[in-house]
Protein chains: 2
Amino acid sequence: MAGPSRRNAAITLMQINTANRNVAMHMRLAKSACSECPIRHRAVCAECDSDELAVLEQIKSYLTVPKGGSIAVAGERLDYLSSVVSGCASISKTLVDGRRQMVGLLLPSDFIGRPGRSTLSFDVDAVSEVTLCRFERRAFEGIVKSSPNVARRLLTMTLDELDIARDWQVLLGRLTARERVAHFLLSLVRRDSGEVDDGLFVGSANLTLPLSRELIADYLGLTIETTSRQFTALRRDGLIEIPGSRQVFVPDLARLSLETMDDDGGPIA
Amino acid sequence: MAGPSRRNAAITLMQINTANRNVAMHMRLAKSACSECPIRHRAVCAECDSDELAVLEQIKSYLTVPKGGSIAVAGERLDYLSSVVSGCASISKTLVDGRRQMVGLLLPSDFIGRPGRSTLSFDVDAVSEVTLCRFERRAFEGIVKSSPNVARRLLTMTLDELDIARDWQVLLGRLTARERVAHFLLSLVRRDSGEVDDGLFVGSANLTLPLSRELIADYLGLTIETTSRQFTALRRDGLIEIPGSRQVFVPDLARLSLETMDDDGGPIA
DNA sequence: GGCCCGCCTTGACCTGGATCAATCGGGTCC
DNA sequence: GGACCCGATTGATCCAGGTCAAGGCGGGCC
């Protein structure tokens, strides 16, 4: 690398400010029943019994954040903890000179916030329109105390996130640009396909990318240009097809997974 | 970067095998009372009342792993969870071609293992001689269920580790070699000094590095050579003195912290 | 239709850090 | 004391990915 990117600091900051202003545009939605909730069995409430669920139901509220809007700002007070019900959000840090690194990608059922602390150390932004199921922090902390099923689920989810963050560290520290892009595409495949049978990449897959090239670059610790060139290179080598800039077809997942040096789901097992 | 390092794959693997053999050299130590334990108020047991502590005391055992020894191997069964009582251990992943990335550095009071799962996805190795306070997994999982103070403490510690991992992602994804080394030194200062008053780097500090240049390189996602050159460059610029290869004196912490682009504890706040 | 505006792609060139290869100490063993 | 070893340093060179700078392309708007 020829020094991490410092370009577009002004543009970057402008985008962030725009995002902050969008906070005012949040819309309130009517509650819907937990029993109907699409993330009922994967979110922080997954292991709740009906009593516990009733308590959560009482304190929850919904919030929709528009695409590009800010969900939380590093260092600022955050009085709600929430689950992503739909949409996609990013966790990232922007350095003072504009360099940015994404450190988390939040999809439906992922949890935002840190019980026991009122600030986060990272920015959380809506990549697409995001609907949140929110809990006022104090109330939620009480529930964590009284409901072991919520506490246990939260611990499991946090441990999973820690594993993801550490795999991501390996990607950022040691993989080449091509390996990073291949790994990114396969991680999307894994998430799409129920994220259970990881390690088995067989057949083909059609992907809709949730991120722009710029955000993919932020995710992978690369520049937009390098990211774009790697997509082109993978296409030229017949590993992927790109019918649209947000569409990727992988004709042979096993062959693509070889590009990550992995023999069972990534060099990053 | 000119492509992540792929050198020394054979040597690396040999070292790992040597480490594995060391498992057989583990020594058993007599128990000592929890009330006398140096990590009593920082480890997973920190919030236990005397009843809970008594239960833990009953199932705990000590284990000393020699320097270079293996504490856990990625993917292999691990039937004990443990706290580091003394010494220093690393969490890392080695790719099939020998590239290695450290993703965690364990110091006294840090916890090893994942309740609810019998394997880890990373290797854990003793950087120096390490003494562990171990709990058989099944028994410990029972305690987590019955003792909310242990469960809560475990959640807090895991959330802290997640923040550390994400800051580390920013370092690996976006900082220059010089910034990485400066950041590494300052993170050691912070850990040494009670790790409370972070953000305030004033005065000078004398450091004993817990890691060799090779392991520092694994930590920072660099090669040994680049790491060594950055130490030399910081010395040449008067930011540090190097009385011995494991000794670093920082005459002006504030000045060194400017090298990380940070104005209150790192660009990585 | 034609213009504009955001993305995305592509090309030419540069450079930070990797690679390859000595060399330098300090420690240990005979 | 000398030979050896192993980690650390330093030098010379290379190259992956960053930087700078044009285009290309699809979608919305008049």
Side-chain angles (χ1 to χ4, degrees), chain A residues 1-9 11-12 14-15 18 67-68 97-101 127-128 171-181 209-218 220-236 240 242-248 259, chain B residues 1-9 11-12 14-15 18 67-68 97-101 127-128 171-181 209-218 220-236 240 242-248 259:
Chain A
M1 135 178 57
S5 168
R6 299 184 199 237
R7 291 175 305 156
N8 300 336
I11 291 172
T12 299
M14 205 164 63
Q15 289 171 336
T18 304
K67 178 174 175 170
D97 64 357
R99 284 176 282 176
R100 194 185 338 182
Q101 177 62 50
V127 168
S128 64
L171 176 145
L172 293 171
R174 297 299 181 193
L175 297 199
T176 63
R178 166 181 270 243
E179 289 167 341
R180 294 183 200 199
V181 171
L209 304 182
L211 305 176
S212 66
R213 292 289 183 275
E214 176 168 29
L215 289 179
I216 296 173
D218 287 346
L220 297 175
L222 301 170
T223 58
I224 301 182
E225 295 94 326
T226 297
T227 304
S228 180
R229 276 189 253 268
Q230 295 304 327
F231 272 96
T232 304
L234 290 174
R235 176 167 53 76
R236 212 178 32 233
I240 62 174
I242 310 179
S245 73
R246 292 292 190 111
Q247 293 297 128
V248 172
E259 294 299 319
Chain B
M1 132 179 59
S5 168
R6 299 186 198 235
R7 291 174 306 157
N8 299 338
I11 291 171
T12 300
M14 205 164 64
Q15 288 170 336
T18 305
K67 178 175 176 170
D97 64 0
R99 284 176 282 177
R100 193 183 342 180
Q101 177 63 51
V127 169
S128 64
L171 177 145
L172 294 170
R174 296 299 181 194
L175 298 198
T176 64
R178 167 181 270 244
E179 290 167 340
R180 292 183 202 200
V181 171
L209 304 182
L211 305 176
S212 66
R213 293 289 183 276
E214 176 169 29
L215 289 179
I216 296 173
D218 286 347
L220 297 176
L222 301 170
T223 57
I224 301 182
E225 294 94 327
T226 296
T227 304
S228 179
R229 277 189 252 268
Q230 295 304 327
F231 271 95
T232 304
L234 290 174
R235 175 166 54 77
R236 212 178 34 230
I240 61 174
I242 311 179
S245 73
R246 292 290 189 113
Q247 293 297 127
V248 172
E259 293 300 318

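Letters go in sequence order (proteins before strands), and every chain restarts at 1. Treat the numbers as computed from the prediction; the structure is a model and nothing was measured.
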Visitor: Between D:dT9 atom C1' and B:L234 atom CG, what is the distance in whole Å?
Guide: 15 Å

Visitor: Reckon B:R178 touches a base, only the sugar-phosphate, or nothing at all at heavy-atom distances under 4.0 Å?
Guide: nothing

Visitor: Output the single nucleotide from D:dA8, D:dG17, C:dT9 whose closest atom is nearest the side chain of A:S228.
Guide: C:dT9

Visitor: Grab the CD-P distance between A:Q101 and D:dG18 for me, whole Å please.
Guide: 11 Å

Visitor: D:dG17 P sits how many Å from A:Q230 CD, rounded?
Guide: 6 Å

Visitor: If the cut-off is 4.0 Å, is A:T226 near the phosphate of D:dG17, judged by side-chain N/O to OP1 or OP2?
Guide: no

Visitor: Would you indicate which nucleotide in D:dG18, C:dT10, C:dA18 comes nearest to any side-chain atom of A:R235?
Guide: C:dT10

Visitor: So which nucleotide from D:dT9, C:dG17, D:dG17 ends up closest to the side chain of B:I224?
Guide: D:dT9

Visitor: Would you mind reading off the distance between A:D218 atom CG and D:dG18 atom P, rounded to a whole angstrom?
Guide: 12 Å

Visitor: Measure the shortest side-chain to side-chain distance between B:D218 and A:R174 over non-hydrogen atoms and say whether it is less than 4.5 angstrom.
Guide: yes

Visitor: To the nearest 0.5 Å, what is the distance between CD on A:Q230 and CG on A:L222?
Guide: 7.5 Å

Visitor: CG of B:L215 to OG1 of B:T227: how many Å apart, nearest 0.5 Å?
Guide: 10.5 Å

Visitor: Could you state the atom-to-atom distance from CG of B:L222 to C1' of C:dA18 in whole Å?
Guide: 10 Å

Visitor: Quick one: on DNA chain C, does A:R246 or B:T227 contact a more 5' nucleotide (nearest heavy atom)?
Guide: A:R246

Visitor: Tell me whether the OP1 or OP2 atom of C:dG25 has a side-chain N or O from B:S245 closer than 4.0 Å.
Guide: no

Visitor: Side-chain donor or acceptor of B:R229 under 3.5 Å from a matching atom on the base of D:dG11?
Guide: yes

Visitor: Compare the minimum distances between each of D:dG18, C:dT9, D:dT9 and the side chain of B:R213, then state the nucleotide with the smallest one.
Guide: D:dT9

Visitor: Starting from P on D:dA16, measure out to CZ on A:R180 and report it in whole angstrom.
Guide: 14 Å

Visitor: Looking at the base of D:dC20, is there any donor atom on it, or on the side chain of A:E225, that sits under 3.5 Å from an acceptor on the other one?
Guide: yes

Visitor: Distance check, rounded to the nearest 0.5 Å: A:R99 atom CZ versus B:E179 atom CD?
Guide: 4.0 Å

Visitor: Quickly work out the B:I242 CD1 to D:dG7 P distance and round it to whole Å.
Guide: 18 Å

Visitor: Below 4.5 Å, heavy atoms only, C-beta onward: do B:L172 and B:Q101 meet side chain to side chain?
Guide: yes

Visitor: Report the distance from atom CZ of A:F231 to atom P of D:dC25, rounded to the nearest whole Å.
Guide: 19 Å

Visitor: On the nucleotide D:dT10, are OP1 or OP2 found under 4.0 Å from the side-chain N or O atoms that B:T232 carries?
Guide: yes

